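Everything quoted here is computed from the prediction, not taken from an experiment. The residues of the chain are indexed from 1 along the displayed sequence.
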Amino acid sequence: PEQLVHLVAWLQGAGDAGAASGRLEGETLPAKASAGKASPQAMGNFSEGRWSGDRHLFWTGGKPGDTLTVTFPVKDAGRRKVHAVLTKAPDYGQVRLTINGAVASTVEIDLYDAKVTNTEEILLGEFDLKAGEQKLEITISGANPKAKPDRWFAALDYLRLE
């Protein structure tokens, strides 16, 4: 039954080729945390959300002020819209995002939700990107009062460049 669920999700577009869709899967991108650990996590058991490829890049062990730096490639220089899909859950924090040091248009994103789910695609802004490696920084800024105490998890499903 689990394989059938994955097949249906793939047929509906969740399993499409990242390059063809412009998606950069979070779980495949190099990441370095100033504190804690970031690693891929399978999301197939969570029915409330829909993750591209049924996985995300899951960051644990951070606290307010800590940063996860995710590196992503850009083939050709130019002005690009950058979109992101993140995960929300009862033990996730509030975050701020930057691209190459420039603040994303969304000042702060609250990743709290009573269920484990994902955000809609969020436009982070338009950025002048040079060819080569770029840096997305996710900084924990706090927690929703409803969130589980002393946990500030965060997770990136994918980035999409337009």
Side-chain angles (χ1 to χ4, degrees), residues 14 18 21-74 79-162:
S21 66
R23 290 180 187 161
L24 300 168
E25 296 293 334
E27 66 273 8
T28 67
L29 297 173
K32 183 176 180 179
S34 64
K37 177 184 169 186
S39 59
Q41 180 186 29
M43 298 305 291
N45 292 330
F46 297 97
S47 62
E48 297 293 332
R50 182 173 166 188
W51 291 266
S52 176
D54 287 331
R55 298 186 318 156
H56 66 187
L57 177 64
F58 184 39
W59 178 27
T60 61
K63 61 186 182 313
D66 291 335
T67 300
L68 176 67
T69 303
V70 179
T71 306
F72 64 95
V74 168
R79 189 153 184 84
R80 303 278 195 293
K81 289 182 181 177
V82 180
H83 304 264
V85 173
L86 304 161
T87 299
K88 298 172 77 174
D91 47 4
Y92 279 43
Q94 295 168 329
V95 296
R96 292 192 178 120
L97 285 77
T98 63
I99 303 285
N100 296 331
V103 177
S105 59
T106 304
V107 176
E108 186 170 69
I109 302 170
D110 187 351
L111 298 178
Y112 169 81
D113 197 294
K115 300 173 270 184
V116 178
T117 187
N118 52 303
T119 66
E120 296 294 324
E121 195 171 80
I122 301 166
L123 175 61
L124 301 180
E126 288 191 45
F127 302 90
D128 291 314
L129 304 177
K130 296 179 181 178
E133 297 297 315
Q134 314 301 311
K135 291 186 181 190
L136 165 70
E137 289 188 341
I138 302 171
T139 302
I140 299 170
S141 56
N144 184 304
K146 297 177 188 174
K148 291 184 180 178
D150 301 324
R151 294 189 192 170
W152 300 276
F153 299 156
L156 172 66
D157 181 15
Y158 69 83
L159 293 174
R160 185 175 65 83
L161 305 181
E162 176 182 352

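The two atoms that bring Ala35 and Asp66 nearest to each other are CB-OD2, 3.3 Å, heavy atoms only. Between Leu29 and Pro73, the shortest heavy-atom contact is CD2-CD, 4.2 Å. Taking each heavy atom of Leu159 and Ala84 in turn, the nearest pair found is CD2-CB, 3.8 Å. When every heavy atom of Ile140 is checked against every heavy atom of Val95, the shortest pair comes out as CA-CG1, 4.3 Å. Nearest heavy-atom pair across Leu123 and Lys81 is CD1-CB, 3.9 Å. The minimum heavy-atom distance between Thr98 and Val103, with the atom names listed, is CG2-CA, 4.0 Å.
Between the side chain of Thr67 and the main chain of Glu137, no donor-acceptor pair closer than 3.5 Å is present. Judged by distance alone, with hydrogens and angles left aside, the side-chain atoms of Asn118 form no donor-acceptor pair with the main-chain N or O of Trp51 at under 3.5 Å. Looking only at distances, a side-chain donor or acceptor of Thr117 sits under 3.5 Å from a matching main-chain atom of Glu48. Within the 3.5 Å criterion, the main-chain N or O of Ser52 finds a donor-acceptor partner in the side chain of Asp157.
Interatomic distance, CG of Asn100 versus CG of Asp128, reported as 10.5 Å (0.5 Å rounding). To the nearest 0.5 Å, atom CH2 of residue Trp152 and atom CG of residue Asp91 are 11.5 Å apart. With rounding to the nearest 0.5 angstrom, the OG1 atom of Thr119 is 9.0 Å from the CG atom of Leu156. In this structure, CD on Glu108 lies 11.0 Å from OG1 on Thr139, to the nearest 0.5 angstrom. Separation of atoms CD (Glu120) and CD1 (Ile122) is listed at 9.0 Å; rounding is to 0.5 Å. If you take CD on Glu27 and CG on Asp54, they are separated by 9.5 Å, rounding to the nearest 0.5 Å.
With no hydrogens or angles considered, a side-chain donor-acceptor pair links His56 and Gln41 at under 3.5 Å.
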Checklist entry - Please walk me through it: do Gln134 and Phe127 pass side-chain contact (heavy atoms from CB on, under 4.5 Å)? => result CA-CA 11 Å; Gln134 314 301 311; Phe127 302 90; over 6 Å; no
Next on the checklist: With side-chain hydrogen bond (donor to acceptor under 3.5 Å, both in side chains) as the criterion, how do Glu133 and Thr71 come out once you've worked through the C-alpha distance, each side chain's angles and the decisive distance to 0.1 Å?
Outcome noted: CA-CA 6 Å; Glu133 297 297 315; Thr71 306; 5.0 Å; no
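Between Phe153 and the options Trp59, Phe58, Tyr112, a ring pair (Phe, Tyr, Trp, His ring centres under 6.0 Å) holds for only Phe58. Of the options Arg55, Glu121, His83, a side chain to side chain donor-acceptor pair (under 3.5 Å) to Tyr158 is made by Glu121 and by none of the others.
In this structure the side chain of Thr69 never reaches within 4.5 angstrom of the side chain of Leu136, judged on heavy atoms. In this structure, the side chains of Leu111 and Thr87 stay at 4.5 Å or more apart for every pair of heavy atoms. Between Ile99 and Phe72 there is a side-chain heavy-atom pair separated by less than 4.5 Å. Looking at heavy atoms from C-beta onward, Leu68 lies in side-chain contact with Leu57 at the 4.5 angstrom threshold.
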